[in-house]
There are 2 protein chains.
Amino acid sequence: MVMKKKSSSGRQKIPIEKIPNRSHLQVTFSKRRSGLFKKASELCTLCGVEIAIIVFSPAEKAFSFGHPEVESILDRYLTRNPPPRQESRAHQQLVEAHRNANVHEQNMKLTQILNQLEIEKKRGEGVRPN
Amino acid sequence: MVMKKKSSSGRQKIPIEKIPNRSHLQVTFSKRRSGLFKKASELCTLCGVEIAIIVFSPAEKAFSFGHPEVESILDRYLTRNPPPRQESRAHQQLVEAHRNANVHEQNMKLTQILNQLEIEKKRGEGVRPN
DNA sequence: AACCCTATCTATAAAGC
DNA sequence: TGCTTTATAGATAGGGT
């Protein structure tokens with residue numbers, strides 16, 4: 001059942017400052033987060049680069065985007081930017097742990113694949129080949 | 001005052017596929033990366049959320065965005081999404097290591113602050129208060 | 001049902017030719 | 001403010017927990 005009472009006033013300019021209204025903030029967060037992930041996805045494809053994004057929502061839920069996968073990019077980042085020397089053993093173990101992780105990693109991958117899928121789906125829907 | 005001689009065909013649509021030309025790719029990468037970081041920065045401000053982004057360039061250079069800092073967000077992400085049980089000691093040590101990191105973290109912070117600065121600077125330049 | 005999140009539509013802002 | 005694409009504010013509906 002579609003009820004169209006009124007036309008909206010269209011896109012308004014908003015100042016870049018914290019949105020006071022909670023429900024408005026939630027909607028904006030959701031929309032802009034998906035816009036951000038879409039941009040990241042396009043950058044990956046256009047330039048053949050690897051990107052990981054982690055976002056904590058206002059409700060403290062973690063959202064992630066990763067191409068190819070968040071975990072592998074984090075491992076790589078941590079490997080190339082290692083903590084101070086005295087900590088390198090623990091760090092190395094962590095990197096190995098992540099490489100060998102299985103059950104958890106599968107869940108992570110699934111989540112990320114679902115994210116990617118959603119993005120790809122959106123991209124495919126309204127677009128005709130150019 | 002801007003003079004335009006003739007109307008063009010307007011903004012061109014580009015296909016989302018790997019850019020073949022190397023220098024064109026480099027330009028696009030640079031522009032879209034800063035656009036992505038700017039969007040992330042706006043999302044942080046509008047919604048008061050925390051975001052970390054890691055990008056590996058075509059030349060394997062790492063670029064990062066983090067509000068408040070990449071490291072703290074990664075720690076939080078890794079803490080909330082822990083690897084399987086048998087690895088938790090190493091993981092815990094890593095988390096501690098990152099919390100206690102000093103010299104390296106200072107460098108990271110500096111890099112990130114410079115990134116933020118660049119973004120804020122760009123935002124300020126072409127915008128007049130509405 | 002209070003919260004959190006997502007989806008859809010329109011009009012329009014913003015950006016890039 | 002030519003002309004076009006894109007992102008998104010606003011309004012609202014619906015879905016999941």
Anything under 30° is parallel, anything over 60° is perpendicular, the rest tilted; go ahead and classify A:Phe29 against A:Phe63.
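Plane angle over 60°, so perpendicular.
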Which atom names give the shortest non-hydrogen contact between [X] and [Y], and what distance separates them?
X: A:Cys47; Y: B:Pro58; value: O-CG, 4.0 Å
X: A:His67; Y: A:Ile73; value: O-CD1, 3.2 Å
X: B:Glu17; Y: A:Leu46; value: O-CD2, 3.4 Å

Value in whole Å for how far the [atom2] atom of [N] lies from [atom1] of [X]:
X: A:Phe56; N: C:dC4; atom1: CZ; atom2: C1'; value: 17 Å
X: B:Ile16; N: D:dT5; atom1: CD1; atom2: P; value: 14 Å
X: B:Glu42; N: D:dT8; atom1: CD; atom2: P; value: 8 Å
X: A:Ile14; N: D:dG10; atom1: CD1; atom2: C1'; value: 11 Å
X: A:Arg32; N: C:dT6; atom1: CZ; atom2: P; value: 16 Å
X: B:Leu43; N: D:dA7; atom1: CG; atom2: P; value: 15 Å
X: A:Phe29; N: C:dC5; atom1: CZ; atom2: P; value: 7 Å

Do A:Arg76 and A:Glu71 pass the salt bridge (Lys or Arg N to Asp or Glu O under 4.0 Å) test, and can you show the C-alpha distance, the side-chain angles, and the key distance before you say yes or no?
CA-CA 9 Å; A:Arg76 196 162 150 204; A:Glu71 299 278 317; over 6 Å; no
Just to be sure I understand the geometry, which residues of residues 18-28 of chain A put a non-hydrogen atom under 4.0 Å away from DNA chain D?
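Only A:His24, A:Val27, A:Thr28 qualify.
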Looking at A:Arg11 and D:dA7, is any side-chain donor or acceptor paired with a base atom of the opposite kind under 3.5 Å?
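It does, because a donor-acceptor pair links the side chain of A:Arg11 to the base of D:dA7 below 3.5 Å.
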Any donor-acceptor pair under 3.5 Å joining the side chain of B:Lys13 to the base of C:dG16?
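Check fails, no donor-acceptor contact within cut-off.
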So does A:Ser9 get a side-chain nitrogen or oxygen closer than 4.0 Å to the phosphate oxygens (OP1/OP2) of D:dA11?
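For D:dA11, OP1/OP2 do not have a side-chain N/O of A:Ser9 under 4.0 Å.
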Assuming nearest nucleotide by heavy-atom distance, tell me which of B:Lys39 and B:Gln12 is located more 5' along DNA chain D.
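Mapping each residue to its closest nucleotide by heavy atoms, the 5'-most match is B:Gln12.
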Going from NZ on A:Lys38 to CG on B:Leu36, what distance comes out if it is rounded to the nearest 0.5 angstrom?
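Separation between the atoms: 13.5 Å.
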Can you tell me if B:Gln12 and B:Ser9 form a side-chain donor-acceptor pair at under 3.5 Å?
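Per modelled atom types, B:Gln12 and B:Ser9 side chains form a pair under 3.5 Å.
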When you match B:Lys31 and A:Ala59 each to their closest nucleotide on DNA chain C, which lands nearer the 5' end?
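Nearer the 5' end of the strand: A:Ala59.
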